[in-house]
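Read the structure below first, then the notes.
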Amino acid sequence: MPMEKTFDAAEAEPRLYRRWEESGAFRAGANARAGANSFTIMIPPPNVTGALHLGHAFNNTLQDILVRWHRMRGFDTLWQPGQDHAGIATQLQVEKQLAATQQPGRRELGRDAFLQKVWAWKQEKGGTIIGQLKRLGASCDWSRNAFTMAGAPGAPEGEEGNFHDAVIKVFVDLYDKGLITRGKRLVNWDPHFETAISDLEVENVEVPGHMWHFKYPLAGGATYTYVEKDADGTVLFEEERDYISIATTRPETMLGDGAVAVHPSDERYAPIVGQLCEIPVGPKEHRRLIPIITDPYPDPAFGSGAVKITGAHDFNDYAVAKRAGIPMYRLMDTAGRMRDDGVPYAEAAEVAQSAARAWLIRNGHATVGFAEQPVSLSEAEADALNLVPDHLRGLDRFEARAKVVEEITAEGLAVMTEATDPRLGAPKGKPAPAPEPGPRAAGQTAEVPDQARDGTPPLEPEEGGEARDEAAQLVPLVEAKPIMQPFGDRSGVVIEPMLTDQWFVDSAAIVGPALDAVREGRTRILPESGERTYYHWLENIEPWCISRQLWWGHRIPVWYAPDPIADDDDRWAPICAPTEEEALAHVRAGHGEDADIVVVETEAEADAILRETLATLDTATEGRIRQAQGPIRIPVWRDPDVLDTWFSSGLWPIGTLGWPEETEELKRYFPTDVLVTGQDILFFWVARMMMMQLAVTGQEPFHTVYLHGLVRDEKGKKMSKTTGNVIDPLDVIDEYGADALRFANTSMASIGGVLKFSLDRIKGYRNFGTKLWNACRFAEMNGVFEARGAGVPRPQATVNRWIVGETARVREEVDAALAAYRFNDAANALYAFVWGVVCDWYVEFSKPLLLDGAGEETRETQETMAWVLDQCLILLHPIMPFITEELWGLTGERAKLLVHADWPDYTAADLVDEAAEAEMRWAISLIEGVRSARAQMNVPAGLYVPLVMEQADEAARTALARNDVLIKRLARIGEFSEGAPPRGSLAVPVRGASFALPLADIIDVGAEKERIGKALGKLGKELGGLRGRLNNPNFAASAPEEVVEEAKANLALREEEETQLKAALARLEEIG
RNA sequence: GGGUGAUUAGCUCAGUGGUAGAGCGCUUCGUUCACAUCGAAGAUGUCGGGAGUUCGAAUCUCUCAUCACCCA
C-alpha cells in the first residue's frame, strides 16, 4: 500500500509520543552504552501555574535536541523535568479561584486550610504544562517529575519527595554559618500582595506624574538671605526668606520626613544648616520640626537643591538617613494605607520632636536646654511611632497624597508660579489631581508639558524665580512631568519602598566561588556577553532578601521563644532548626525541662501569654524569667514568612536528584551539563544556582549555560496580552505540527540571536517535512527499502559514491554545529542537504537507475538510497522527532525505535570519493548551465534539444560519458554530438569544456549577445579583483599560501570561462 | 545616567580578516509517473555614516547616528 501524500501530524504525534513513553524511551539512562558518560539537563522549571508559551517552546526545543542527540549517541542521559511552586502567582491564582466560586477567602480560611486548597489546586491544574511539553515532543523523564514544594508539611499523597528537606537544610546551614540574618531593611513592598518582592520583580516604568513644590518654614520665624549666583559669582537673585523650598513627587511621605538635606557645598543654604524647619502639614499646634543637614546626595542643580529625607520610604533617603543617624518613620501599613495604629498623633509628634532636638544636640548644632533630656530613638522605637495625623489615618496612600497637597496649598505653603508657567502642563489654575498611577493609566492622566506649545521658553528651574512677577496671577507650582515609577511585575500596583523586618542572605560572602567558576572557565556562558553581565552583577551584589509575606512557600524554619537572658526590650530569641521538635528541644534546654511550652500562631498571641507569665513573676527579677519558680508557660511562635521562590529553585540541580540524601542519581547526574534558559533570569536563577550549589556541594552545577532572548513577534515586539500579538504554540502545533515549530525554533537559534517568530517560516518548515516525506514515498515506491543493507554501503556507481560522501560531510557538520550550540547551523545544514542535495539532485539522478535500469546498479542504488534516507531520519530526529520516527517505522522493520537509533560516526575522510565528487559537481554544473541558457532564451521547457561539444579535456569527456543518461534527462538533451558549434548557438561553458545548444531557429541572437555580455561583465569584475590582488607583490608576500593558491586557481577558472564566452560572443558577432 | 547588544537583499536573519549567503517574498516558465505543502530559471546589496589598522575589512579599532534590551 503506497504511503499517504503527506504526513498527518495531528494523528501521528500523540500516537508516537505514547509509543515513546510506553517503551520507556525517555527514562534516565535509556539507550546508554555500557560505561557511558552521563549527560544531564535540568529543565528550567516552569511555574506550576504556567501554560506553554513560545518562549517555553523555544527553550525546550533546544534542550530536547541536546538530550535526544546525546541519547542516540549512547550517553547515560537524563532530562529532569519539574515545576516551580511560584509563590505569588500560585497564591494569587488560588485566591482568584476561591473568589470566583464564592468560597471563603484566604484570611477567612486561615493558613492551613488555605494551603490545602492550594495543594488541591496544584494536583488538579498544576499538570497543564506537562501535557503541553509532551505535545512539543519534549523527551523528559516524566517518571522523575519534580516539584519545588515536594515533601513540604501538609503535602498530600503523591507530593512526596524531599525537595522541602533540601531547602530547609540549606537555610539552616547558612543560618548557622551566619550567612542568613534578619533585619530591618528597606525593601520593595507590594501593597497588593502585602509582601516584599525582589528588585528583579520590580518593573520601572515611566509614567506621567507630578512634582509638587512646597515651602518648609524655618522654625521660630527665622529668616535668611537666599542668594543665587551664576558660575562667575554674579548675583542673579536675592531675597529674604523664612522657608526652604522642597520638591517632591510623593507629598504623602512628607509626614515621615526626618530631615531636609542639602549638599555641603551649596552656599545658598549654608546659613541655615543645623537649624530646624517645619514640615508644613499636620495639625498646626503639633507641627513637627526637622533638622536641615548636609549630605552629598542632593544635587544642587536639581530642583531647589534641597531634598526631604524620608528614610523609611525611599531608597536614596534611606542611605542618607543611615549615614546621618536620622530616624526612619514608617507611614504605611502592609496594604499601602496610612497607618492607623499606635498612640495618637500629638503624642507621637512630641516624641519625634524630642528626637529631632536630640539630633541637633548630638551633632553640635544645639546645646542641651533647660530641663531637657535628649531622646534617642532605637530603630524599633522609630518604627513603632505613627506620625500620620489622626485625620489621615487609614486613608489609602493616594487619597492621603491628595489631602496633604490640598492642606498645604490651603495654608499658602505651596510654591506659587504664574499660570502660564510651561512647567505646569496641567489645566491652568487647577492643581493637578493625584490619581493612582499605573501603567494602564498612562496617557489618561495629565499630559507631559509641551513647552513648544505657547512659544514661551521654560523658566529657569531654580526655585525662587517663579513668583517674581507679582502682578501675574499665581497658582501652585505643580510640574507635570514623566517620572519613573516602580510597579510590581505580578500585581501591577505601585511598589512602595518600605522599612520592614526581612531575612537576608549575605550574598557577598558566597559569591566568590560563583565568580571564579566563570572567570576560570569551569562554567561557560553563551553568548559570551552573558559572562560580562554576570560579572557586573555579581561583583556588585546586594544582600538577597529571601523572605516573603506569603503563605504558599517554604516557611522559614525559625521559631521565637522568650529569650532567657535578654532584657524586656528584645525578648524574642530566634531559634533556627529543621523541625519544630528540634526547635522546641532548644527552647526546653534554655527554659528548663519543666517549662510548659505553648506553640501559638502569631506574635500577638505569644505576647499575651508572655505578659501573663511575666505578671506572675516576682517583679524584683526585672522580668527575667530564668529565675521563675516552678513550671511556667513559655510561648513559642514560628516566623510566619515563607522563602522567596528563587531560594528553592536555586537548589534545583541537587534538589531534584534527592539531595541531601546521597542518592545514586546524585552521583550519576550531578554536576549536570548544560543549562538552557532565558537571559532574563541570569540573575534571578542562574547566578543563584551557581552560588547555592557551590556553597552546598563545592561543585559548579553545570559546565555550560546557554542563554537566549525573548521570543518576539515578527516585527520584534514583545508578545503581550494587551498588545494582542500573542501566539499560542499549541495553535501552531495544531496547524503545522510540532516538527515545523521545532525546526523553526532551531533555525532561529543562533548564538545571541534575536528571536522573531514568523508563521511564514513555520509553514516553510512544514513544507520541508513534506519534502522529506515524499522523498521516502518515492523510495518506497521503488523498492528501495527492501534493499537496505547493513552498515555503510560501498557502491560502485559515481552518483552513489558521491551521495555517500555528501552524507558524511553533513553528519560532521551537524555534529560540529551541535557541539558548539550552533543549533541554527545544524538546522540549515540539514535543510540544505535534504532538500538541496538529496531531493533536488540525488533522487533525480537515481531515477534512470531505479526506473529504467535493472541488475546490480539498480540494486546498489536502492541500497544506497535506503541508507541515505535513514541517515536523514537519524540526523533530523533530534530536531523533528515525530515525522522522522513515523518514517522510520513506515520504511522497514527496525530493531529499535528511531529515538534510540545509533547516531553515526563515519567521517568525510572515510567516505568521500574525490573523483566521484568532482564528476558529479561537473555534471551538475553542466546541467545548470544548459538549464540556465534554455530558460533565459525561452526555449520551451518540454523540448529536447541537441547538445554540441565544442571541445573538452579528458576529465570532462569521462564525466560526460559516464553520466550522459543523467545529463540528458535533467537538462532535457536529445542527442550529443561533437564538433564546431553551428552559427546561432547558445553557449554553455563549463570547467574544462565548452558546449553549445544549436538553436538558431529558436533563439534571438541579440538576446543571447546580451546574456553573454552580462555574464562577461560579472566575470570582468571578479577578474579585476583577482588580478589586482595577485599582481600586488604585498599580497603574495603577506597572505597565507593557501589563500594565494586559491586565488590563482580561481583566476584560471574565470579566465577559462571568459575565453569561452568571448569566443561565443565572437561567433554571434559574425551573424550580425 | 550606567551596562550590553544590534544596524547585511523587499522581509526575517546567517556570516570571527580572503572580496557576501539562506529562507520567505517577488518576476518568468512549467499538468516531466515522490512532492503544486512542487519543479526550473531570474532580479535585487556603496554590509547604518565617517575615519583608521591591514596586501586585503561585513568581520578588528575609533567615532557619529539610529534602535533594542537590562540595571539605576
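Quick note on labels: first sequence line is chain A, next is B, and so on, each numbered from 1.
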Nearest-angstrom distance from the residue atom [atom1] of [X] to [atom2] of [N]:
{"X": "L830(A)", "N": "A22(B)", "atom1": "CG", "atom2": "P", "value": "18 Å"}
{"X": "Q679(A)", "N": "A68(B)", "atom1": "CD", "atom2": "P", "value": "16 Å"}
{"X": "F768(A)", "N": "U37(B)", "atom1": "CZ", "atom2": "P", "value": "18 Å"}
{"X": "R777(A)", "N": "C35(B)", "atom1": "CZ", "atom2": "P", "value": "5 Å"}

On the nucleotide [N], are OP1 or OP2 found under 4.0 Å from the side-chain N or O atoms that [X] carries?
{"X": "K1021(A)", "N": "U19(B)", "answer": "no"}
{"X": "R972(A)", "N": "G30(B)", "answer": "no"}
{"X": "W835(A)", "N": "G39(B)", "answer": "yes"}
{"X": "S750(A)", "N": "A14(B)", "answer": "yes"}

Would you measure the distance from the [atom1] atom in [N] across to the matching atom in [M] and give it in whole Å?
{"N": "G50(B)", "M": "A65(B)", "atom1": "P", "result": "15 Å"}
{"N": "G42(B)", "M": "G3(B)", "atom1": "C1'", "result": "47 Å"}
{"N": "A58(B)", "M": "A40(B)", "atom1": "C1'", "result": "32 Å"}
{"N": "C71(B)", "M": "G56(B)", "atom1": "P", "result": "44 Å"}
{"N": "C38(B)", "M": "A9(B)", "atom1": "C1'", "result": "25 Å"}
{"N": "G15(B)", "M": "U59(B)", "atom1": "C1'", "result": "9 Å"}
{"N": "C13(B)", "M": "C55(B)", "atom1": "P", "result": "37 Å"}
{"N": "U8(B)", "M": "G23(B)", "atom1": "C1'", "result": "15 Å"}

Run R921(A) and E806(A) through salt bridge (charged side-chain N to carboxylate O under 4.0 Å, His left out) and show every step you take. CA-CA 11 Å; R921(A) 286 185 181 169; E806(A) 292 285 344; 3.3 Å; yes
Start at the 5' end of RNA chain B and walk down; is the nucleotide closest to F683(A) or to G942(A) reached first? G942(A)
For A775(A) and W537(A), find the nucleotide of RNA chain B closest to each by heavy atoms; which residue's nucleotide sits nearer the 5' end? A775(A)
When we call it a touch if two heavy atoms are under 4.0 Å apart, what does [X] touch: a base, just sugar-phosphate, or nothing?
{"X": "R1011(A)", "result": "nothing"}
{"X": "E844(A)", "result": "base"}
{"X": "S1038(A)", "result": "base"}
{"X": "Y831(A)", "result": "sugar-phosphate"}
{"X": "C839(A)", "result": "base"}
{"X": "R766(A)", "result": "base"}
{"X": "P1033(A)", "result": "nothing"}
{"X": "N828(A)", "result": "nothing"}

Among Y736(A), Y831(A), W835(A), which residue satisfies the ring pair (Phe, Tyr, Trp, His ring centres under 6.0 Å) criterion with Y765(A)? Y831(A)
Using a 6.0 Å distance limit plus a 45 degree cone around the ring axis, check whether R519(A) lies over the aromatic ring of Y535(A). yes
Would you please test R1011(A) and E1008(A) for salt bridge (charged side-chain N to carboxylate O under 4.0 Å, His left out) and show each step? CA-CA 5 Å; R1011(A) 184 179 77 97; E1008(A) 173 65 355; 2.8 Å; yes
Hey, is the side chain of [X] pairing donor to acceptor with the base of [N] inside 3.5 Å?
{"X": "Q936(A)", "N": "A43(B)", "result": "no"}
{"X": "R761(A)", "N": "U12(B)", "result": "no"}
{"X": "R969(A)", "N": "U32(B)", "result": "no"}
{"X": "K5(A)", "N": "C35(B)", "result": "no"}
{"X": "K1014(A)", "N": "A43(B)", "result": "no"}

Just verifying a value: how many Å separate [X] [atom1] and [Y] [atom2], rounded to the nearest 0.5 Å?
{"X": "I762(A)", "Y": "N745(A)", "atom1": "CD1", "atom2": "CG", "answer": "6.5 Å"}
{"X": "I751(A)", "Y": "N824(A)", "atom1": "CD1", "atom2": "CG", "answer": "8.0 Å"}
{"X": "E1022(A)", "Y": "R1054(A)", "atom1": "CD", "atom2": "CZ", "answer": "4.5 Å"}

Contiguous Watson-Crick or G-U pair runs (3 or more, under 3.5 Å) in RNA chain B: B:1-7 with B:65-71, B:10-13 with B:21-24, B:26-30 with B:38-42, B:48-52 with B:60-64
Minimum heavy-atom distance between R969(A) and L851(A), given as atom pair plus value: NH2-CD1, 4.0 Å
Give a yes-or-no answer on whether the side chains of D644(A) and W544(A) include a donor-acceptor pair shorter than 3.5 Å. yes
